A.B. asks: 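Here it is, the structure in full.
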Number of protein chains: 2
Amino acid sequence: MALDFLSARSRSYQAKRHVVRHGDPLSPFPIITDGWAARCQILRDGSRQIFGLLLPGDMCHFNANPHAQSTHDIVALSSLQVAFIEQRDWREIKLNAPDIAVAIRRYANFESSILSAWIVSIGRRNALERTAHLICEVRFRLELINQVDGDSFAFPLTQDDLADVLGLTPVHTNRKLQDLRQAGLITLHGKRLTVHDLSRLERLAGFDREYLLPGVRELVS
Amino acid sequence: MALDFLSARSRSYQAKRHVVRHGDPLSPFPIITDGWAARCQILRDGSRQIFGLLLPGDMCHFNANPHAQSTHDIVALSSLQVAFIEQRDWREIKLNAPDIAVAIRRYANFESSILSAWIVSIGRRNALERTAHLICEVRFRLELINQVDGDSFAFPLTQDDLADVLGLTPVHTNRKLQDLRQAGLITLHGKRLTVHDLSRLERLAGFDREYLLPGVRELVS
DNA sequence: CGGAACATTGACGATAATCAAAGCGAGTGG
DNA sequence: CCACTCGCTTTGATTATCGTCAATGTTCCG
């Protein structure tokens with residue numbers, strides 16, 4: 001069952017987006033079937049940091065504790081379709097299809113690897129490398145779910161969103177995107193991102209797909 | 001069985017510390033019983049980012065995939081004692097003591113929360129707040145394992161290590177530590193850290209212990 | 001006592017943030 | 001169909017935070 005309960009993307013910037021709070025009664029194991037979302041936290045001063053991109057196939061609640069009003073939010077970054085797995089179905093799955101339970105655990109590792117890689121990126125790469133790295137990661141993840149069409153793919157993030165992923169200001173994000181464009185590496189227009197020279201982009205980013213592969217090998221098999 | 005295989009802390013800065021590589025044959029589920037370690041990654045340019053502090057009781061391998069030469073290292077930050085759980089013992093535990101398996105899963109959530117919080121810190125807090133926040137987190141975690149003595153605790157990290165945790169340079173880290181000292185919030189001397197005014201430090205850091213509690217409630221029970 | 005790691009200081013430079021304004025473009029209503 | 005909005009992107013000027021380089025102290029330990 002896929003619900004379109006978040007179909008309309010809401011507008012204003014700070015904390016006013018359509019939000020599903022962890023622990024909301026209506027959310028037993030949501031899985032994204034279409035569109036992008038993000039895990040994020042809003043700080044006192046109103047600034048926002050995104051620390052997870054949820055693409056189709058990703059589980060919103062994965063690492064969260066069901067019965068805790070977790071301190072982070074899930075926000076929609078595009079129109080979104082979500083499927084719910086009921087708790088009882090879930091228990092049944094775990095009993096009758098242990099393989100799936102294993103896959104889930106692999107998936108958790110996958111998510112953890114991404115978190116770690118983001119820390120490395122934000123902590124030690126400059127704005128340009130960081131931007132490039134994120135693009136490489138997203139492209140790679142989209143490739144896994146067949147959402148890359150040739151050398152381009154849908155990229156619904158606004159530059160403000162992207163800034164909150166990268167830990168930068170929107171203005172600086174804009175400038176670095178332009179640098180990437182002027183270097184002939186990408187074009188980004190109309191919510192669509194094209195990578196013209198993947199290997200050069202990956203080299204610039206210091207992107208090493210190995211950090212994602214282990215989880216993937218298991219996920220795919 | 002506790003081995004002292006990493007007892008001597010080695011010296012030089014880059015990648016030359018005593019290191020246990022993920023996937024090393026000798027490491028089936030190591031658990032730290034004394035001392036501190038860290039997960040980290042070294043980049044091309046030689047810079048290092050730490051993305052996880054391992055305190056007594058923490059599992060080195062937790063989120064790693066056993067049969068993958070993971071792209072990150074574990075380094076000792078002090079002399080270290082480690083206990084190993086053999087794979088077969090592990091399987092037995094999972095069968096005969098499901099509660100422990102559950103606890104482990106809670107622990108994974110705990111680790112994930114910390115990773116997320118680090119991203120928020122590095123991405124959106126300035127150097128001073130970030131430093132304060134890390135101190136609050138560490139203090140809190142040490143409190144859980146009864147390693148806080150009054151208002152002070154052992155803090156074996158070098159300022160270089162701390163810089164690699166915070167995503168700063170050693171010089172800047174030094175300056176921010178001095179700011180914290182001059183504000184009368186902490187003293188740090190001889191591998192021992194004293195927090196003089198916890199609530200003020202937490203306010204400065206924007207520290208909200210809620211983000212760690214959910215996992216903890218389960219862990220303790 | 002000597003040496004090495006670690007901590008601290010100062011001067012200077014680079015990267016990123018801030019502030020403010022202007023341009024663009026898709027969707028809306030007249 | 002055009003003009004109007006509103007959200008989003010782009011630009012420029014300026015400032016702040018943090019990084020770099022290099023030297024000097026300090027502590028710890030054999």
Side-chain angles (χ1 to χ4, degrees), chain A residues 8-14 16-18 43 45-49 75-79 121-132 155-182 186-193, chain B residues 7-14 16-18 43 45-49 75-79 121-132 154-182 186-193:
Chain A
R9 176 178 191 174
S10 62
R11 297 283 144 58
S12 80
Y13 173 56
Q14 272 183 11
K16 292 196 178 144
R17 290 229 171 108
H18 223 135
L43 305 202
D45 64 356
S47 65
R48 182 179 74 158
Q49 177 67 41
V75 303
L77 299 176
S78 70
S79 62
S121 249
I122 301 180
R124 288 291 181 226
R125 283 192 249 264
N126 64 29
L128 188 67
E129 298 167 336
R130 208 186 300 174
T131 308
F155 191 84
L157 297 211
T158 222
Q159 288 186 11
D160 282 26
D161 296 332
L162 194 50
D164 289 342
V165 169
L166 298 171
L168 299 170
T169 55
V171 173
H172 203 65
T173 305
N174 178 285
R175 293 188 164 123
K176 294 305 137 183
L177 283 174
Q178 288 181 53
D179 290 350
L180 289 176
R181 277 194 275 248
Q182 276 156 30
I186 64 164
T187 58
L188 172 53
H189 195 252
K191 306 292 175 213
R192 181 153 275 270
L193 177 54
Chain B
S7 61
R9 178 180 189 172
S10 63
R11 295 284 145 58
S12 79
Y13 174 56
Q14 272 183 11
K16 292 195 181 143
R17 289 229 172 107
H18 222 134
L43 305 201
D45 63 357
S47 65
R48 183 179 73 156
Q49 177 67 42
V75 305
L77 299 176
S78 70
S79 63
S121 250
I122 301 179
R124 288 291 180 227
R125 283 191 249 263
N126 63 31
L128 188 68
E129 297 166 335
R130 210 186 300 173
T131 309
F155 191 85
L157 297 211
T158 242
Q159 290 187 10
D160 283 25
D161 295 332
L162 195 50
D164 289 341
V165 169
L166 298 171
L168 299 170
T169 55
V171 173
H172 204 64
T173 304
N174 178 286
R175 293 190 163 122
K176 293 305 136 182
L177 283 174
Q178 289 183 54
D179 290 349
L180 289 175
R181 276 194 275 248
Q182 277 156 29
I186 66 166
T187 58
L188 171 53
H189 195 251
K191 305 293 176 212
R192 179 153 277 269
L193 177 53

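Quick note on labels: first sequence line is chain A, next is B, and so on, each numbered from 1. None of these values were measured; they are calculated from a predicted model.
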A.B. asks: Below 4.0 angstrom from OP1 or OP2 of D:dG7, is there any side-chain N or O of A:T158?
C.D. replies: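 Result: no.
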A.B. asks: Can you name the residues that form a side-chain hydrogen bond (donor to acceptor under 3.5 Å, both in side chains) with B:D179, not counting sequence neighbours?
C.D. replies: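 By the side-chain hydrogen bond (donor to acceptor under 3.5 Å, both in side chains) rule, B:D179 matches B:K176.
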A.B. asks: Can you name the residues that form a side-chain hydrogen bond (donor to acceptor under 3.5 Å, both in side chains) with A:R192, not counting sequence neighbours?
C.D. replies: A:S152
A.B. asks: Charged N to carboxylate O below 4.0 Å: is that the case for A:R125 and B:D45?
C.D. replies: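 No, A:R125 and B:D45 are not salt-bridged.
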A.B. asks: If every non-hydrogen atom of A:L177 is compared with every non-hydrogen atom of A:I186, which pair is closest and at what distance?
C.D. replies: CD2-CD1, 4.2 Å
A.B. asks: So, does B:Q178 get its side chain near the phosphate of C:dA7, meaning an N or O under 4.0 Å from OP1 or OP2?
C.D. replies: no
A.B. asks: Mind grabbing the angle between the end helix axes of the helix from C:dC1-D:dG30 to C:dG30-D:dC1? Five pairs an end, 10° rounding.
C.D. replies: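 Axis-to-axis angle, ends of the helix: 30°.
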A.B. asks: Tell me whether the OP1 or OP2 atom of D:dT9 has a side-chain N or O from A:N174 closer than 4.0 Å.
C.D. replies: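 Indeed not, no polar side-chain atom of A:N174 lies that close.
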A.B. asks: Flag the pair A:T158 / A:K191 as yes when at least one side-chain heavy-atom distance between them is below 4.5 Å, and no otherwise.
C.D. replies: yes
A.B. asks: Checking side-chain hydrogen bond (donor to acceptor under 3.5 Å, both in side chains) between A:Q159 and each of A:T169, A:T173, A:N174, A:D164, which is the one that passes?
C.D. replies: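 So, applying the side-chain hydrogen bond (donor to acceptor under 3.5 Å, both in side chains) to A:Q159 and each of A:T169, A:T173, A:N174, A:D164, only A:N174 qualifies.
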A.B. asks: Tell me, for nucleotides 12-20 of chain D in 5' to 3' order, what letter each nucleotide earns: B for a base near a protein heavy atom under 4.0 Å, S for only sugar-phosphate near one, - for neither?
C.D. replies: BB----BSB
A.B. asks: Reading nucleotides 24-30 of chain D from the 5' end, what letters show protein touch, with B for base, S for backbone sugar-phosphate only, - for no heavy atom under 4.0 Å?
C.D. replies: -------
A.B. asks: Kindly write out the residues that satisfy side-chain hydrogen bond (donor to acceptor under 3.5 Å, both in side chains) with B:E129, not counting sequence neighbours, or none if the list is empty.
C.D. replies: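 For B:E129 there are no side-chain hydrogen bond (donor to acceptor under 3.5 Å, both in side chains) partners, ignoring immediate neighbours.
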A.B. asks: OP1 or OP2 of D:dT10 sitting under 4.0 Å from any side-chain N/O of A:Q159?
C.D. replies: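 For D:dT10, OP1/OP2 do have a side-chain N/O of A:Q159 under 4.0 Å.
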A.B. asks: Suppose we screen for side-chain hydrogen bond (donor to acceptor under 3.5 Å, both in side chains). Which residues come up paired with B:R175, at least two apart in sequence or across chains?
C.D. replies: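 Once residues adjacent in sequence are excluded, B:R175 has no partner under the side-chain hydrogen bond (donor to acceptor under 3.5 Å, both in side chains) criterion.
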A.B. asks: Determine the minimum heavy-atom distance between B:R124 and A:A163, stating which atoms define it.
C.D. replies: NH2-O, 3.1 Å
